Amino acid sequence: MKRKKLVSVLLVAAMAASMAACGTSGGKKTSSSAKGDGGSSSDDGEMKEFTAFFAVPGTEINDDNEIMLKIGELTGATCKETWLTGQTAEEAVGTLIAGGEYPDFIDGGDGMKQLYEAGALVALDDYIDKYPNIKEFLTEAEWDKLRQDDGHIYWINQFQNIYGEEKATTHNDEAFWIQTRVLEWAGYPEVHTMDQYFDLIESYNEANPTMEDGTQNIPYTILCEDWRYFCLENAPEFLDGYPNDGSVIVDPDTKKIIDYNTTPTAKRYFQKLNEEYQKGIVDPESFTQTYDEYIAKLSTGRVLGMIDQWWDFSANVNDSLKQQGLDLKGCNYVPLPITIDEGIKNQWHNSGGVLNVASGLGITTSCEDVEGALAFVDALLGQEVHDLRFWGVKDVDYSVDENGEFYRTEDMRMQVADTAYKASHMCPYSYFPQYIGTSRDGINAMTPDGQPKEFYDSLSKNVQECFEAYGAQTYVDMLGTSEAPGPWYPMYSYSNNMTTSTEGGTAWLKMGEVKHQFLPQVVMADDFESAWANYLDEYNACNPQAFLDEMQQELDRRIEDAKKYEE
């Protein structure tokens, strides 16, 4: 059955305007619970309006968005969503806390602990059992993992929750990505190591320095802005064949914490980046570009390869490439199973779910109708509303064949990729709880990219030919799948909420600052060995052992807790 996995504020004036326009609770009535088949309508025909803020960049939809209004008809409520703009998540959350006024819903990202400590969140324990779709969303063990140190639950992690059968077609996580045009040019070679990856990019760029229109290619770029510097710093754990614990490596045999920042593989990786930078392969703007500039750069089709999480770039970039016809020129990205040396089994992709307890959707103390807010969330998890969120309107955004299977025509796919159409019509409520996996009808996938035939038919011919050349049918097949890691996974769900209240948390903060400052210098240095030695001196001065010791304690605790549920 299902398993759970787990991915700006507008400026103060904009947030204030939004909240003033929508109110913190709307003052209008909906029924206090939602039907499992898709929600319930308002008792008196009035529409409740909630507000939400998500501490990540996003795109607002139109106030008269068609599917938002359809969902409103079914649930009796709508929600005005606002996103991170012009601030970091930490700054945005800090601004809200200082003002003491909040939207109804919030996901503050790494700032959720900050919101909890400020008393800004409503404890959800006494409500969960009243809402069947919410209750079903997590197992008892998973709900317990979300409890804070006062014993209460304050947020619901929204993402990668598998309902029914797992239908993994996209690799939603981190990888070395490369454009299909590069692989096609080289005759679809086997590429397994970091050196082979960069050799291929170098060779292609030397033979093809520009795109067809004369635009200069960018062989390899790196996103380093704010918390997204994982695109630079955490590759060594993957290169050594470990999964994404984010902040550390866990040895599955010894159950011991390993610091991936100081392994021999870490030095080889950064030395390789340094060599490629000196050759002009690494984009010189890597360490100064913003996230928006990075996405715009990828959307031109110029970038041959990079490390990133699929969720971090794919939605914006893939739609843009499709609208420009660049998907037909081999500018789409596929992942490669890269490790440091041949013979290492990669764990870029793991089966099963991941519960990220560090963040999620919370309800704030400014919300005047907590039960109405939870009824709205409950309704969003009903199948009819969930289909509206991710598939759209039947016979407009998708059709149904004689076997009951959902599909889209090419015109429909072009339509849902269009920015204006998405703003006026599509309403995924993308930072509210959601499912992947199999629909309750037992036939369809919860989302279009999980529907095997629809997924494959939606791919450009270039990606289809690439998959065929490697004997793959999905992005996951390009990497292979490893078993789900142990019950400790992922360790980043602990480190993401560490604060300076502990010695380990203080070390963690300092380590991050040092990596932000010195790793770009290491990559750009004329003398790598000196720069690397200087970096390690600065890093070791942060007392990383205190951090590793605290992570070891948390690892041991998670293993012991898992034993309780096994019993």
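Keep in mind the model is a prediction, meaning the values are calculated, not measured. In this chain, residues are counted from 1 in sequence order.
Of the N and O atoms on the side chains of T82 and E60, not one donor lies less than 3.5 Å from an acceptor on the other residue. A donor and an acceptor atom, one from each side chain of R228 and T290, are nowhere located under 3.5 Å apart. A donor-acceptor pair shorter than 3.5 Å can be found between the side chains of Q324 and S320. A donor-acceptor contact under 3.5 angstrom links the side chains of S501 and T499, judged on distance only. Between the side chains of Q196 and E342, at least one donor-acceptor pair of N or O atoms lies under 3.5 Å.
Salt-bridge check for D251 with K255: failed, with every basic side-chain N at 4.0 Å or more from each acidic carboxylate O. A salt bridge does not link D449 with K167: every distance from a Lys NZ or Arg NE/NH1/NH2 to an Asp or Glu carboxylate oxygen is 4.0 Å or more. The existence of a salt bridge linking E184 and R181 is excluded, since no basic side-chain nitrogen approaches an acidic carboxylate oxygen closer than 4.0 Å. A salt bridge is defined here as a Lys NZ or Arg NE, NH1 or NH2 lying under 4.0 Å from an Asp or Glu carboxylate O, and K279 with E202 meets this definition.
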Problem set entry | Candidate pair E513 and K510, rule salt bridge (charged side-chain N to carboxylate O under 4.0 Å, His left out), full reasoning | CA-CA 5 Å; E513 291 172 347; K510 292 179 178 178; over 6 Å; no

Problem set entry | Chi angles and distances behind the side chain to side chain contact (heavy atoms under 4.5 Å, CB included) call for V250, I257 | CA-CA 5 Å; V250 176; I257 292 290; 4.0 Å; yes

For this session: Carefully, step by step, assess F455 and D457 under the rule side chain to side chain contact (heavy atoms under 4.5 Å, CB included).
Result: CA-CA 6 Å; F455 162 78; D457 289 347; over 6 Å; no

Exercise. Does the side chain to side chain donor-acceptor pair (under 3.5 Å) test come out yes or no for D240 and T265, once each step is laid out?
Worked result: CA-CA 7 Å; D240 271 334; T265 291; 2.7 Å; yes

For this session: Mind running side chain to side chain donor-acceptor pair (under 3.5 Å) on E190 and H192 for me, showing each step along the way?
Result: CA-CA 6 Å; E190 292 295 322; H192 297 144; 3.0 Å; yes

Problem set entry | V282/S286 under side chain to side chain contact (heavy atoms under 4.5 Å, CB included): CA gap, chis, key distance, verdict | CA-CA 8 Å; V282 172; S286 291; 3.9 Å; yes

Exercise. Given L304 and I178, is the side chain to side chain contact (heavy atoms under 4.5 Å, CB included) satisfied, shown in steps?
Worked result: CA-CA 6 Å; L304 305 182; I178 196 166; 5.6 Å; no

Problem set entry | Check against side chain to side chain donor-acceptor pair (under 3.5 Å), K297 and Q289 | CA-CA 10 Å; K297 193 174 291 182; Q289 65 188 344; 2.9 Å; yes

Exercise. What do the steps show when you test D341 against R268 for salt bridge (charged side-chain N to carboxylate O under 4.0 Å, His left out), and what is the final call?
Worked result: CA-CA 11 Å; D341 290 314; R268 285 178 61 185; 3.0 Å; yes

Exercise. Under the side chain to side chain donor-acceptor pair (under 3.5 Å) criterion, do S460 and D327 qualify, and how do the steps go?
Worked result: CA-CA 6 Å; S460 71; D327 59 327; 4.9 Å; no

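The two residues S482 and N346 have their closest heavy-atom pair at OG-O, 3.3 Å. Shortest non-hydrogen contact noted between Y333 and L298 is OH-CG, 3.8 Å. Of all non-hydrogen atoms in Q434 and N161, the two that sit nearest each other are O-CB, 3.7 Å. Here the closest non-hydrogen pair linking G360 and Q158 is CA-OE1, 3.4 Å. Taking every heavy atom of both residues into account, F390 and P428 meet most closely at CZ-O, 3.8 Å. Residues Y242 and P252 share a closest heavy-atom pair of CE2-CD, 4.1 Å.
The OG1 atom of T193 lies 9.5 Å from the CD1 atom of I344; values are rounded to the nearest 0.5 Å. To the nearest 0.5 Å, the span separating CE on M491 from CG on N496 amounts to 11.0 Å. With rounding to the nearest 0.5 Å, the separation of CG in L183 from CE in M478 is 6.5 Å. Between K329 atom NZ and D213 atom CG the span is 8.5 Å, to the nearest 0.5 Å. Rounded to the nearest 0.5 angstrom, N234 CG and I307 CD1 are separated by 8.0 Å. Rounded to the nearest 0.5 Å, atoms CE (M414) and CG (D319) are 9.5 Å apart.
Aromatic ring pairs are classed by plane angle as parallel below 30°, tilted from 30° to 60° and perpendicular above 60°; the pair W311 and F230 is tilted.
Remark: D477 pairs with A472, Q473, T474 by the side chain to side chain contact (heavy atoms under 4.5 Å, CB included) rule, at least two apart or across chains. Under the side chain to side chain contact (heavy atoms under 4.5 Å, CB included) criterion, E275 pairs with Q271, K272, not counting sequence neighbours. Scanning for side chain to side chain contact (heavy atoms under 4.5 Å, CB included) contacts around T288 gives E285, with sequence neighbours left out. Contacts of Y535 classified as side chain to side chain donor-acceptor pair (under 3.5 Å), with partners at least two apart in sequence or in another chain: none.
Proximity of a side-chain donor or acceptor of S495 to a complementary backbone N or O of W508 within less than 3.5 Å is not detected. Looking at Q347, its side chain does come within 3.5 Å of a backbone N or O of G241 through a donor-acceptor pair. Remark: the backbone N or O of N208 is paired with a side-chain donor or acceptor of N217 at under 3.5 angstrom.
Using a 4.5 Å heavy-atom threshold, the side chains of Y489 and D245 count as touching. No side-chain heavy atom of L273 sits under 4.5 Å from any side-chain heavy atom of Y277. Side-chain atoms of Y229 and E225, non-hydrogen and from C-beta on, never get closer than 4.5 Å to each other. Contact check for I162 versus Y435: no side-chain heavy atoms found under the 4.5 Å cut-off. Counting heavy atoms from C-beta outward, T419 and T59 have side chains that stay 4.5 Å or more apart. In this structure, C331 and Q179 have side chains that are in contact, with non-hydrogen atoms separated by less than 4.5 Å.
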List the atom pairs, donor and acceptor, that lie under 3.5 Å between side-chain atoms in residues 537-550 and the rest of the protein, sequence neighbours left out.
| residue | atom | partner | partner atom | Å |
| --- | --- | --- | --- | --- |
| Y539 | OH | D259 | OD1 | 3.1 |
| Y539 | OH | D259 | OD2 | 2.7 |
| Y539 | OH | N261 | ND2 | 3.1 |
| N540 | ND2 | L536 | O | 3.1 |
| N543 | ND2 | E503 | OE2 | 3.0 |
| Q545 | NE2 | D549 | OD1 | 2.8 |
| E550 | OE1 | T502 | OG1 | 2.9 |
| E550 | OE1 | G504 | N | 3.4 |
| E550 | OE2 | Y494 | OH | 2.8 |
| E550 | OE2 | T502 | OG1 | 3.4 |

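Residue pairs meeting the ring pair (Phe, Tyr, Trp, His ring centres under 6.0 Å) criterion with at least one partner in residues 286-310, sequence neighbours excluded, are W177-W310, W310-F313, W310-Y475.
A ring-centre distance under 6.0 Å is found for Y431 and F159.
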